[in-house]
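Heads up: the structure comes next, in structure tokens.
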Amino acid sequence: TPSPDAAIPAGYAPPRALVVRWVVLALVCAALSVCCYYLTRPGQTFRSPAGRRLASVLPLAPTAAAAACSFGLIAGVLLAPFTPQNCPCHWVSDFQNQYTTVSVLLSYPPSKYVIWAAFLPAAALMMLTAFLGYRRWYRGQAGRRCAAATWVFFAAAASAGAAGVLAFPRHFDRPTHVGLSTVFFFSMLFCVVIGHGLVRSESGPGDGERRSASAAAVTAVLTLWYAAAYWLGAVRSEGALAISEHVLLLSEFAWVGALGLTWAEEPAEESLSPSSIALQSRFRAL
């Protein structure tokens, strides 16, 4: 049963605590970028059996990231009824007022634990996806390289935004959390929009392009709906707003997951490893 005193968490951290977390977040993102560059740098070869296996599954990094985020979001919502009574997220008792967003669930156990466990590795995999996209798409004409560089920027921003949302939960500092949530949301949206154009220019008509187009179209429709529901006030129910956000996020994750399948089926001209040929053969046999 939800408590009548339940309220949305909104903390305000002291400046010193904010600086410490910003420094830690920047160092983590920098270290992660170095690791991702090492894995995807031009001419990188993996000679050990374990290294070759790793290279063969690297193109599936987007799919793994999308699966982790989707699991974390769905599991967090399903666990919401088991949070403390002061959490405004007991949607089984009151869907209209108690079904809430991932941002709020990050402040209450047990939902926050499963969201942390899912989104943290997903943020790392999304950074790896950015570097894989750079190596795969940053070639050809100037227009294509510009689009690829823009996509890489938004993919890296989505990774940093996801990590930042975890580092700055609402109960710690609401303004920073809201800002980083906005960065994550729009970075994922632009990844879908720009990425679909890159997939289409690279793959042409085929299963990969159709998957990308379907996920991108669904995302576009849901984005318009969410904009009308949230910013224009078309929906007043907290439950309807939250589920609109969740469905939109799942559609964005679906596009990222489809991207990984496309990369696995259609290795780039400069493959990370000959073992990617075997991976491509397995997908075509499915």
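Every heavy atom of this structure was used, including side-chain atoms; hydrogens, water molecules and symmetry mates were not.
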Exercise for the section: Check whether any side-chain N or O of Ser251 sits under 3.5 Å from a backbone N or O of Leu248 as a donor-acceptor pair, and report yes or no. Expected result: yes

Exercise for the section: State whether the side chain of Arg145 and the backbone N or O of Tyr138 hold a donor-acceptor pair below 3.5 Å, judged by distance alone. Expected result: no

Problem - Set of disulfide bond (SG atoms under 2.5 Å apart) partners for Cys89, sequence neighbours left out - result: Cys87

Exercise for the section: On the 0 to 90° scale, with breaks at 30° and 60°, tag the Phe253-Phe119 ring pair as parallel, tilted or perpendicular. Expected result: perpendicular

Problem - Backbone N/O of Phe184 and side chain of Ser187: donor-acceptor pair under 3.5 Å - result: no

Practice task
Say whether, by atom type as modelled, one donor and one acceptor occur between the side chain of Thr83 and the main chain of Ala80 under 3.5 angstrom.
Solution key: yes

Problem - More than 12 heavy atoms from other groups under 6.0 Å of CZ on Arg144 - result: yes

Handout entry: Test item: Gln98 side-chain N/O and Trp91 main-chain N/O as donor-acceptor pair under 3.5 Å
Key = no

Practice task
List the steps, then state whether side chain to side chain contact (heavy atoms under 4.5 Å, CB included) holds for Tyr99 with Val77.
Solution key: CA-CA 8 Å; Tyr99 190 104; Val77 171; 3.6 Å; yes

Problem - Expected output: side-chain Arg139 to main-chain Arg136 donor-acceptor under 3.5 Å - result: yes

Side chains of residues 22-31: which donor-acceptor partners sit under 3.5 Å, not counting sequence neighbours?
none

Handout entry: Row check, Phe172 ring normal vs Arg21 NZ/CZ: under 6.0 Å, within 45°
Key = yes

Practice task
May I ask you to say whether Glu265 pairs ionically with Arg211, meaning some side-chain N is under 4.0 Å from a carboxylate O?
Solution key: yes

Handout entry: Phe168 reachable from Val183 in the ILVMFWY side-chain graph, under 4.5 Å edges
Key = no

Problem - ring pair (Phe, Tyr, Trp, His ring centres under 6.0 Å) partners for Trp151, two or more places apart - result: Trp137

Practice task
Run the numbers on Leu106 and Trp116 for side chain to side chain contact (heavy atoms under 4.5 Å, CB included), then give the verdict.
Solution key: CA-CA 8 Å; Leu106 268 171; Trp116 252 93; 3.9 Å; yes

Exercise for the section: Calculate, to the nearest 0.5 Å, the distance between atoms OG1 and CZ belonging to Thr40 and Phe131 respectively. Expected result: 6.0 Å

